[in-house]
Amino acid sequence: MARKFAAVSAIVVLVVAGCGSSDDPSEETDTSESAAPPARGTLVEAPPPRTASIAASDLLALLNAGSTGTRLLELILAPECGVDVHEIEYHTVDPVGAPIVSSGALMIPTGAEAVCQGPRPLLVYAHGTQAERDFNIANLSDEDNIEGLSVAAVFAAHGYVVIAPNYAGYHTSTLPYHPYLHADQQAGEVLDALEAARSALPTSFAPTVADSGELFVTGYSQGGYVAMAAHRLLQQSGVAVTASAPMSGPYALSAFGDAVFYGQVVRSAPLVATLVAIGYQRAYGDIYAEPTDLFEARYASGIESLLPTDGPRSALFSEGRLPADQLFSATPPDPAYAPYTPATTPEVLAPVFALGFGPEHLITNAYRLAYLNDAQAHPDGGFPQATDGLPPAAPSHPLRQAFKANDLRTWLPTSPVLLCGGNEDPSVLFLNTGLMRDYWAAQGVTAPVDVLDLDEEASLGDPHAALKVGFAAAKEALAADGGAMAVAEAYHSALVPPFCLAAVRSFFDSQ
């Protein structure tokens, strides 16, 4: 879940009632009404300011400036519309219900072509993990914001009105942390962003563009998880979803967490583990009693305010505030767990797992042991052995309880879903996609569910054959230049996204 493809902006609203006093009782007023926070999903500034207007030709030039953009252009048609970008700020809440303000992007197609005006479908896009606090998906001039540019080119430039939240804790936010993989907060914020964006249409800049009533939801990596959680909440709230397409997300969070603690340590694990632990500690208060219960002492001081970071992600590693790869000690916490220190299967990912162990590890052996002992006593039904495919019934470890509370094996979609990813992903294990597919099938889902595994060999009549062949060629070319580790480094952040985005566009266009 890397920087280039991978997190929102939130300003805590401080409601102060009765601060100070007056010597004159006649000046005392009832502040109960004025203290009420604004309604969720309302815009802070209406209409929202337009921050960029990009012609289709300029968008084409921006895409051609990078390898990911060039690959996108090979997979999709050239942009048909220009794109107006508006920064929206809207009222929402944090995990404990306190009012905050978050920000995001509203991207509107422009131009004379029929596809660029009139009633247009809305598309919610949830982005991947970000380490830097100043990330703003609306800033398409940021060379690191390839995700925002890709979304504009793939969807907004082809007639979709795009709503892309930044998430709480990012951009202009004063919230000192990000509620990472907190399903209720993140899904609720998506609905608030959608409501705010709908209230802004049509804009004075694009007076003919309106909401057609069609609603699509997608996202990548962390955003794949957020997209699925949002689809679940929209459905529960009675809001019709035309279709959704989560990509490469950690949906089966309980099983994924267990896999990592069992030694399948994914890329960027220390950074992700810190985001998870601090976010859940803020929400639930019981992930640890002291930071040193979970984090090694050399990292514990200041770690609760480390992420999102005010500087570049690379500084966290170069300054020794986080290890880049090493999550666990190379010494097993108990001899019984030696086979998982590190895990050696699946074989293709074993070199990546091995990088997650060493002397500079982040998590204490005592914490890993307690977690694994609970996983042994209360196993997940999808990992390490496939049984009922369900999260553990009654985990006792607080982190495993938090994973269960945020696991998405809890619902059945009633509208079409495409799940896209690749089975050799070293950052978000494809286990998540497989378990979600199997859970839905076992529970008798009736909505169409399509799963695209880009690493699967194409077969005769396969509707995704061209994407699979193209993906295999891209991997082969990268391996020829830089070897297997070059593929592992680019796989999640740069290789998969263009192919999945192309699949999602085709899927949505067909609905």
Establish, yes or no, whether the cationic atom of R50 lies under 6.0 Å from the six-membered ring centre of F205 and within 45° of the ring axis. yes
Measure across [X] and [Y] and return the closest heavy-atom pair with its distance rounded to 0.1 Å.
X	Y	value
L408	A183	CD2-CB, 4.3 Å
R133	G169	NH1-O, 3.4 Å
D407	A255	OD2-N, 4.2 Å
L191	A230	CD1-O, 4.1 Å
F353	T345	CE1-O, 3.5 Å
A502	L467	CB-CD2, 4.2 Å

With a 3.5 Å distance limit and no angle check, can you tell me whether [X] reaches the backbone of [Y] through a side-chain donor-acceptor pair?
X	Y	value
S237	L233	yes
R400	H378	yes
N136	H171	no
S212	P119	no
E214	L122	no
D142	N139	no
E132	R313	yes
Q186	L181	yes
Q235	W411	no
R120	D211	no

With [X] via side-chain contact (heavy atoms from CB on, under 4.5 Å) - residues at least two apart:
X	result
Q401	D286, P395, P398
A245	T218, L418, V504, F507, F508
V83	L59, V85, M107, A156, A157
V93	R40

Side-chain heavy atoms of [X] within contact of [Y], under 4.5 Å:
X	Y	answer
L275	T129	yes
V241	V217	yes
L501	P498	no
H178	Q222	yes
Y491	D455	yes
V352	V266	no
V209	T203	no
M436	M228	yes

Assess the side chains of [X] and [Y]: does a donor N or O sit below 3.5 Å from an acceptor N or O?
X	Y	result
D84	T110	no
E189	S102	yes
H231	S244	yes
T51	H86	no

Would you check if the distance from the ring center of [X] to the ring center of [Y] is below 6.0 Å?
X	Y	result
H127	Y220	no
Y160	F216	yes
F471	F499	yes

Contacts of Y284 meeting ring pair (Phe, Tyr, Trp, His ring centres under 6.0 Å) (sequence neighbours excluded), chain-then-number -> H182, Y280
Separation between [atom1] of [X] and [atom2] of [Y], rounded to the nearest 0.5 Å:
X	Y	atom1	atom2	value
N406	Y251	CG	OH	15.5 Å
L454	S248	CG	OG	7.5 Å
L307	I278	CG	CD1	8.5 Å
R409	L390	CZ	CG	7.0 Å
I163	L201	CD1	CG	7.0 Å

Pair listing, salt bridge (charged side-chain N to carboxylate O under 4.0 Å, His left out) test, anchored in residues 493-507, at least two apart: R505-D509
Show every salt bridge (charged side-chain N to carboxylate O under 4.0 Å, His left out) that has at least one partner inside residues 412-425, sequence neighbours left out. E424-K475
Pairs touching residues 443-452 that satisfy side-chain hydrogen bond (donor to acceptor under 3.5 Å, both in side chains), sequence neighbours left out: D450-H464
With disulfide (SG to SG under 2.5 Å) as the rule and sequence neighbours excluded, what pairs involving residues 411-451 come up? C420-C500
What do the steps show when you test V115 against H158 for side chain to side chain contact (heavy atoms under 4.5 Å, CB included), and what is the final call? CA-CA 7 Å; V115 72; H158 291 275; 5.7 Å; no
Name all residues meeting the side chain to side chain donor-acceptor pair (under 3.5 Å) criterion together with N423; count only those two or more places apart in sequence or in a different chain, and write none if there are none. D453
Looking at residues at least two apart in the chain, or sitting in another chain, which of them share a side chain to side chain donor-acceptor pair (under 3.5 Å) with K404? none
Just to verify, what does D58 make a salt bridge (Lys or Arg N to Asp or Glu O under 4.0 Å) with, not counting sequence neighbours? none
Any chance you could lay out the side chain to side chain contact (heavy atoms under 4.5 Å, CB included) test for L452 and L419, step after step, and finish with the verdict? CA-CA 6 Å; L452 170 54; L419 299 176; over 6 Å; no
Heavy atoms from other residues, nucleotides or ligands near CD of Q385 exceed 12 (cutoff 6.0 Å): no
Return yes when atom CD of Q511 has more than 12 non-hydrogen atoms of other residues, nucleotides or ligands closer than 6.0 Å, and no otherwise. yes
Verdict with reasoning, D380 to S254, per side-chain hydrogen bond (donor to acceptor under 3.5 Å, both in side chains): CA-CA 7 Å; D380 186 283; S254 175; 3.0 Å; yes
Evaluation steps, side chain to side chain contact (heavy atoms under 4.5 Å, CB included), between E489 and R267: CA-CA 8 Å; E489 289 171 5; R267 290 189 58 81; 3.6 Å; yes
